[in-house]
Every structure is written in C-alpha cells, then in structure tokens.
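Residue numbering restarts at 1 for every chain, and letters A, B, ... go by the order of the sequence lines. The structure displayed is predicted, hence computed values, not measured ones.
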2 protein chains.
Amino acid sequence: MTGVTLSDVAQRAGVSRAAVSRTFTAGASVSAKMRARVEAAARDLGYSPNLLARSLTTRKTQLVGLVSNNFQNPVFLQIFDLLTKGLQDRGLRPLLVNLSDETDPARSVQLLRQYSVEGVILATSHLPQGFASAFRDAGVAVVHAFGRPTGQTDVVGIDNVAAGEMAAQTLMARGYRHVGFMGGPEQASTTQDRLAGFAAAAQALGGVVSHSFAGAYSFEAGRGEMARLLSGPRAEAYFCADDVLTIGALSAAQAAGLRVPDDLGLIGLNDMAMAGWANINLTTIHQPFDAIVRGAMDLMQDRFANPDRAPQTRLFPCHIVDRGTLRPL
Amino acid sequence: MTGVTLSDVAQRAGVSRAAVSRTFTAGASVSAKMRARVEAAARDLGYSPNLLARSLTTRKTQLVGLVSNNFQNPVFLQIFDLLTKGLQDRGLRPLLVNLSDETDPARSVQLLRQYSVEGVILATSHLPQGFASAFRDAGVAVVHAFGRPTGQTDVVGIDNVAAGEMAAQTLMARGYRHVGFMGGPEQASTTQDRLAGFAAAAQALGGVVSHSFAGAYSFEAGRGEMARLLSGPRAEAYFCADDVLTIGALSAAQAAGLRVPDDLGLIGLNDMAMAGWANINLTTIHQPFDAIVRGAMDLMQDRFANPDRAPQTRLFPCHIVDRGTLRPL
DNA sequence: CCGCCGAATGCTTTCGTTTGCAATCGAAAC
DNA sequence: GTTTCGATTGCAAACGAAAGCATTCGGCGG
C-alpha cells in the first residue's frame, strides 16, 4: 500500500512536518543533520512525496498534454519517441490524448485543463478549427508542432510552401516536365501549402502540373489514389506529400508493372526511418524531426517562463535525401 | 487564466461550497433547482472541477501509466492507438513512460507512484527483472501485456511456445525440411519461447533446425542477421520472431538475388498493418492485438475492484495469415 | 558573560475538493 | 394546524503537502 505520508515520516523522525517538507523541496533551509535524519526515516518508511498534493500549493504539475490524431502513420512513433524522451529529460510528464475518434474537441481541452496540465504539444498537421487557440485562451502554454503558422499560437515545423518548391525544383532539375502532386486530406494545411509551393515553382520552371488528393496520410490511400491516376494519362513524376503515401504509390506503380524511377519518378516528404529501408529506398525530403521536437519543447518551456510573450514561429530547413525513386541528375 | 474554483461558483450562486461539489459529483443528493442554479453559475464562470484536488480526498486519479520501450517497432503505434482509445473510453488517462533510455527502472516505478497512478500497463516483452512485481508491491494494479506468464502478476498476450509450434508446423506442412529461427534480443522472453516451441515442433516432425538472434526487433537487425546467414549454408525457410525482423530479412534476401518464396521461405509474427501492404505482403502469424489490449484493460480494471485476487493470465489464440512469403501447400 | 544576527525549526494557514454529520426544509398524513 | 420523516442543505474537518511568520538555536565579537 502506498499510504505513507509526510506526517508519518515526521512522526517517525520526531520532527515537524515542515522539516520533512523542506528536505524534499529543493533550495529550502535545512541543516545537514536534520536532512540526514529525515532521509533515514523516509527510507525506512518508503516515503516519496505525493506530486499531486504538492501541485495544489505550488501550482506546478509538471504535466503536459501530448495530443495527436496520427496513429496510422508510422512516422509518429519516431516522433513520440523523441517527444517522450525529451520531456522526461526535462522533468515533464506527457499525458497522451488520442484525438482520432473525438467528435468534440472542446472535451479534450476541458479534460486537459481538469488535469491542470501546464502545457500542451499538438503533434499533428490536421486540427479542428480553433483547437490551438482554445488552449491558449484557457491559459495553458500550447505549441503546435507540424502546423501552419497563424500568428495566434506558437508553431514549430517546416516551411511547407518551400518544401513544395524544393520538390518541384528537384523534379524539374532531373528532367521531368509533366509533374503531379498527390496530397493527403485536402483540408490539411500541410497538403495545401505543399501543393501551393509545388505548383507555383513547377509552373515557373515551365512544368506542366496536375494534382489530386488521397483522403488520408496512409499507405492504402496512397496506393488507391496512384492506382486511379495510373489508369488515365499520367505524369512523369509525382511529389507525394508524405512518405507513407509515397510508399503506397510505389506499391501501385509496381503492381501496374511500371519501373521506378525509369517509367515513373516519385519523391516523398518526411524521410521517416522506413524510407531508408533497402527494399523501399525512397528519394524524399528530410524533415528534421529532432530539431522540430526540441523546438516545440523549448518554445513551451519558454512560455512557462513568460506567458504573455507574443506567439512565435520556428521553421527548420529541409533537405533532399537522394535514394532510388528518382532518376539521377 | 484557469483560476476559477468551487468557492467562486458557490459565491456567485449564493450557495454553500458543498452544494457546488455535489452538483459535480455523480450520485449526490441535490435538488433540481439547486443543480440548475449552480450549473448556471458554473457556466458563467467557466468552471470545471480540479481533478487533482479531487483525487486528494477520493483517492482516485483515473491516471494509468503506459510503459513501453518499443518505440522502434511500428507495430507499437497500432498498439498505442488501441490502448489510448480504449483507456479514454473507460474514462482513464494514460501517462506515457518511455523506458528506452532508462538505466534505473526503479525510478520509473517511483515516478509513477508519485503521480498516484491507479494502474500500469506494461506494453513490452522485454523488461528488466522484477519490474512488474515492483509495481505490484507498491500497490498499483499492474498488467503486463505481451509478456511471459509468471504467476506473479497479471499477464495478457499469446502463448509464444504455441506460436513457435504453429510456425514450425506450417513450414513443415509446406515441405520445408531445413528450417531456421531468427529471434530478436536473446534475453527477450518472446524470442526464447518462440524458439523453444519452434525447435521442439520442427524436430518432432523430422525437421532440421538452426537458430540465431538479431540483437533487436528492428528492420536493420533483421536485415543484418539475414545477410550474415545467407553468406553461409542456409536453411530453406526461416521463422522470424517479429514482422519487422521479417521485413528486414526479406530485404536482405532480395538484395542477395533470392526469390521469395521460391528460393527462400519466410514467416513472421504479429501481422502488423504493414505486413499486409502489397509490396511487402508477408505470410505471418496474426497476433490479436485488439483482444490483448482489451484484455489488459479489463484485467487492470478488474484488479481495481478486487486488489487482492490472485494473479491471472489471459492468452489469446493466433492464426496464420497466408500471403506471399511462403510457397503454397 | 552579554548582546547580536543569521540560520534552523516549528506553527499554522492554505491549496481545491469531498464527505460525515447535524440542521433545515417541505410535503404528506393526521 | 401539528407531526413526522425523507430529501436537501450547510458546516467543518479532512486529504497531503508548501510556505509565511514567529520562534529558537548557535556562534561570534565585544
């Protein structure tokens, strides 16, 4: 039973409860003798302070909400790994919220507030309207990772328009002229921005551009959409807005008997671990997850310290990783 | 600012604090008139109860620890998805703990205890000695998902020995005689048990068995180990103890110019989503994740209700999913 | 030996909520 | 108009811990 409290320790050590409290709170005034005595008693009893009770008076819970709706895309496991490790290193505890089936986002906001989280990290590009600001209005430090800059809340990620341009420039430089864009969900800001950058840059370079949307960032969506595209007149190369989509597209191309990259070029975005697997071997745009995740945590903690500063946006540069799905220069 | 408390609502509604508390705790005695009045005041002020403060008196936090060290294996994203959704449906909140870099497991135990979690779900097969019992000793309901039954704590998963036997029987039935086992980490109970079942059954059926271990349940480990195996005399078919290992092995086989399944048979275990992707298309043993995850939550809640019952084990049946990496019957 | 002062310690209130207990209310039965 | 009794309500004491304030301690200079 985990029922040993401050008072128990105080009693056993024969000191006041305040003394016990002090030996367990950093930077409090306790003599070495007192500290030793209390620590001995605490060890005997197996005491450790109740963080929830402590949070009542300190108003610090060390709890942060980790909110996502991307439990289908393997890249998010990498992201969760980085995020949980990083938060643990900073002494913060992630309360995980799966938004996938949530019809009413306001419930999640309330829920996290009820647990007095100090901050929230939104790890997703596809978010209900006003979700991020709801947290800000509730007074919790919120940062939107992989989101679109709005000026309303802290955002960290990449410049998706620039990433689209980079994809277009790469394709054109490799000599593809008729190029296509395959997005994820049409409303996702990532899809929209990547398309915008891609189309503008490709046209500026004299390319012929087409585009379409797979309904989701998933293998099946990418495969299905590419199969559909291949049944009609097709482009010479496609920029798929996400690696897992690209893998789906690759699978459809192979099924249709096309050789990649000879018959069809493909470039993805993310550079998830799987993209480097030898039997997948995607040419793709690397998104610097570690920097983004670290930036998200930094920004959140920065807001802890300074709740009223203006919203800030941090975008990190991407680069091409050249593998096997685009013909060489 | 999220500073509105019970007292604020009581004051505005002109009633006692107890009355407010009662309208927010299920099954308390409040008149309809009182409830309406309090709810109006609460709405005006934007009040919602502080769960952490509540937990102080009720001794219920609704918090459960979700502990894992498998942030490399994509199958765990599916598992996290099921787990988080299931917990949310039951009104429980997962506190995520990443064990990967943790040198001292006792710290995690203490940490979770400090947050007064009511239960812990261990989602991993590879666990430091005595980790599960440490939770049990601390009085928190712990269930080990994907673990080996010990009789010491609640365990839910599959019969890994039987799964190994099933793999062996399948290979022998397809006419493979010289068969190999490729495990993950040698100390992982899953690796050990699957090997035991596999070797025994294959030998009983007149097979010739060899075995080796990739150091981890990861693509690179599987690919590396299979590359090593292919450089010497090789078996006709391999049972790889995990799908992601199998995909690695598949990649190595393809790189060596072998046709699968004609030159080399492969069977995996898990049936993760990716195994069904058309360009991977693994023949594998399906592990019923949804049943296991549901079982884990059931067992945990069952222990909430009855803390002193004997440890229980729930194993679910597996079945073969026939795809493209084993020759047909 | 006395006075002084900073460091240690203890007392008590407080954080936001629940809950046992006692007091009050209201309506039905007389 | 009384009684009576169950349903509501308020009061006050917890829950486990932090921190302001006042008190005591200990060592120093004089």
Nucleotide nearest A:Thr58 (side chain, heavy atoms from C-beta), chosen from C:dG10, D:dA17, D:dA19: D:dA19
Atom pair distance, as rounded to whole Å: CG in A:Asn50 and P in D:dC15: 13 Å
Any B:Thr5 side-chain N or O less than 4.0 Å from OP1/OP2 of C:dG16: no
Touch class at under 4.0 angstrom, heavy-atom based, for B:Ser21 against every strand present: base
Selection from C:dT9, D:dA18, D:dT8 that lies nearest to any side-chain heavy atom of B:Ser29: D:dT8
Carboxylate-amine/guanidinium contact B:Glu39 B:Arg35, below 4.0 Å: yes
B:Leu45 CG to C:dG16 C1', straight-line distance once rounded to whole Å: 15 Å
Sugar-phosphate, base or nothing in reach of B:Thr25, heavy atoms under 4.0 Å: sugar-phosphate
N-O pairing of A:Arg309 and A:Asp154 below 4.0 Å: yes
Distance in angstrom units between A:Leu52 CG and D:dA18 P, rounded: 12 Å
B:Leu56 side-chain proximity, nearest of D:dC15, D:dA17, D:dG10: D:dC15
Residue-phosphate contact under 4.0 Å: B:Arg59 side-chain N/O, D:dG16 OP1/OP2: yes
Distance below 4.0 Å between A:Thr57 side-chain N/O and C:dC15 OP1 or OP2: no
Between C1' of C:dT19 and CZ of B:Arg17, the distance in whole Å: 12 Å
Short side-chain N/O contact to D:dA17 OP1/OP2 from A:Tyr47, under 4.0 Å: yes
Nearest-nucleotide comparison on DNA chain D, the residue closer to the 5′ end among B:Ser31 and A:Val20: B:Ser31
5' precedence on DNA chain C between A:Ala18 and B:Ala18 (nearest-nucleotide basis): A:Ala18
Nearest-neighbour nucleotide for the A:Pro49 side chain, C:dC11, C:dT18, D:dA17 considered: D:dA17
Spacing between A:Lys60 atom NZ and D:dG16 atom C1', to the nearest angstrom: 19 Å
Short N-O contact, B:Asp81 and B:Lys85, less than 4.0 angstrom: yes
A:Tyr47 and A:Phe24 aromatic ring geometry - parallel, tilted or perpendicular at 30°/60° bounds: perpendicular
A:Arg35 CZ to C:dA8 C1', straight-line distance once rounded to whole Å: 13 Å
B:Arg54 CZ - D:dG16 C1' separation (whole Å): 18 Å
Short N-O contact, B:Asp298 and B:Arg90, less than 4.0 angstrom: yes
Nearest-Å distance for atom pair CG/P, residues A:Leu51 and C:dC15: 20 Å
